[in-house]
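Just so it is clear, the values below take in all heavy atoms, side chains as well, and ignore hydrogens, waters and symmetry mates. Just so you know, ligand 1 is whichever comes first in the structure, and atom 1 is the first atom listed for that ligand. We number each residue from 1, following the sequence as shown.
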Amino acid sequence: MGTIESRTPLAEGRVTDHGAQVVAWRPAGSEPVIWLSRHAVWDPGSAIRGGIPICFPWFGPGRSGEMTPAHGFARTAQWTLESASESDGVTRVVHALTHEQASSPRWPFRYRATATVILGKTLHMVLAVDNMDDRTISFEAALHTYLAVGDAPSIVINGLQGARYHDKVTGSDTMQEGPVRIDGEVDRVYASTATVEVHDPVLDRTLVIKKSGSASTIVWNPWVEKARMMTDFGDDEWRSMVCVETANVGDHAVILAPGEVHEMSVTVSVHQ
Ligand code: TA6
């Protein structure tokens, strides 16, 4: 499993060929921003628990509810390292994946995906999907970002006020009133293009998650029971993380005509 490790005056980071996954990022002067489970499994066939998994071409079990593997085949595929460079302390890593390397009989289309990661004082990531087929394709995608926090029940998540969301815990569809707090299992798919701010009083910082080309934001914390049920997730680790995911899922799935390219990006910054 090839991995690009970067250590510059601006930041430390790590990106692996497996899933083209960012698995670490710590800007200079900060605590780590990207969370990784102590129990993460690094087997070729498994998803690495933490970092920024790339969910593509479907999210979860897909819109049909029957797709496997969960979150699509890109997350556990071996992406091709296209380039890795560093300039003025900023590291740039580009991976690519095509239908010749990873596909599914349930999603048999020709495509080329590239994942561009730029690590410096901020983390910037772009998922670009090029429809190489002669048919229109539809896909879901998510940058499933695991953020490190001091204590999940203490954080305050702003930016989603007024957005409608599907609550996967209760099954309801409703609107976000006020900030999002983690006071139990939270698994919500918001219809939102907004920038999200995670205020963390314990680490005394605010993480700002800005995005483009994304109409869905997912917020997830497994809380106690779900954490206990995952073998690659420490029983106590739910307190130290929250996922704020940049996505296009469900009704916001991307529809791409032959030859079209779609780009979705996230920029994470730390404000002490
Ligand atoms: O993004 C939230 C979610 O869809 C949750 O429902 C939970 O399944 C989480 O992803 C993790 O999924 P995974 O397949 O990585 O265990």
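The local environment of CG in Asp167 is crowded, with over 12 non-hydrogen atoms from other residues, nucleotides or ligands closer than 6.0 Å.
Looking from atom 12 (O) of ligand 1 to the surrounding protein, the closest heavy atom is His71 NE2, 3.3 Å. Counting only heavy atoms of the protein, atom 15 (O) of ligand 1 lies nearest to Arg75 NH1, 2.7 Å. With respect to atom 4 (O) of ligand 1, the closest heavy atom belonging to the protein is Lys168 NZ, 3.1 Å. When hydrogens are left out, the protein atom nearest atom 16 (O) of ligand 1 is Arg49 NH2, 3.0 Å; that is the closest non-hydrogen contact. Remark: minimum distance from atom 5 (C) of ligand 1 to any protein heavy atom is reached at Asp187 OD2, 3.2 Å.
Of all the atoms in ligand 1, the ones that sit under 4.0 Å from a non-hydrogen atom of Ile218 are 1 (O). Taking every heavy atom of Phe59 and a limit of under 4.0 angstrom, the matching atoms of ligand 1 come to 1 (O), 4 (O). Those atoms of ligand 1 that come under 4.0 Å of a heavy atom in Glu245, given as number and element, are 1 (O), 2 (C).
Look at Asp130 and Arg110 and you find no salt bridge, because none of the NZ, NE, NH1 or NH2 atoms lies under 4.0 Å from a carboxylate O. Ionic pairing of Asp236 and Arg38 is present here: one or more N-O contacts between side-chain nitrogen and carboxylate oxygen are shorter than 4.0 angstrom. Residues Glu82 and Arg112 are paired through a salt bridge, judged by an N-O separation under 4.0 Å between the basic side chain and the carboxylate.
Here the rule is side-chain hydrogen bond (donor to acceptor under 3.5 Å, both in side chains) with Lys211, and of Thr217, Thr246, Thr267, Thr195 only Thr217 fits it.
The aromatic rings of Phe56 and Phe139 stand perpendicular to each other, their planes meeting at an angle above 60°, with 30° marking the opposite boundary.
For atom 8 (O) of ligand 1, no protein heavy-atom neighbour is found at a distance under 4.0 Å.
Residue contacts with ligand 1: Trp220 is placed with no nitrogen or oxygen under 3.5 Å of a nitrogen or oxygen of the ligand (distance criterion only).
Across all their heavy atoms, Thr122 and Trp25 have their closest contact at C-CZ2, 3.3 Å.
Proximity of the aromatic rings of Phe109 and His99 is defined here by a centroid distance below 6.0 angstrom, and this criterion is not met.
Residue contact annotation: Lys226 has no non-hydrogen atom under 4.0 Å from ligand 1.
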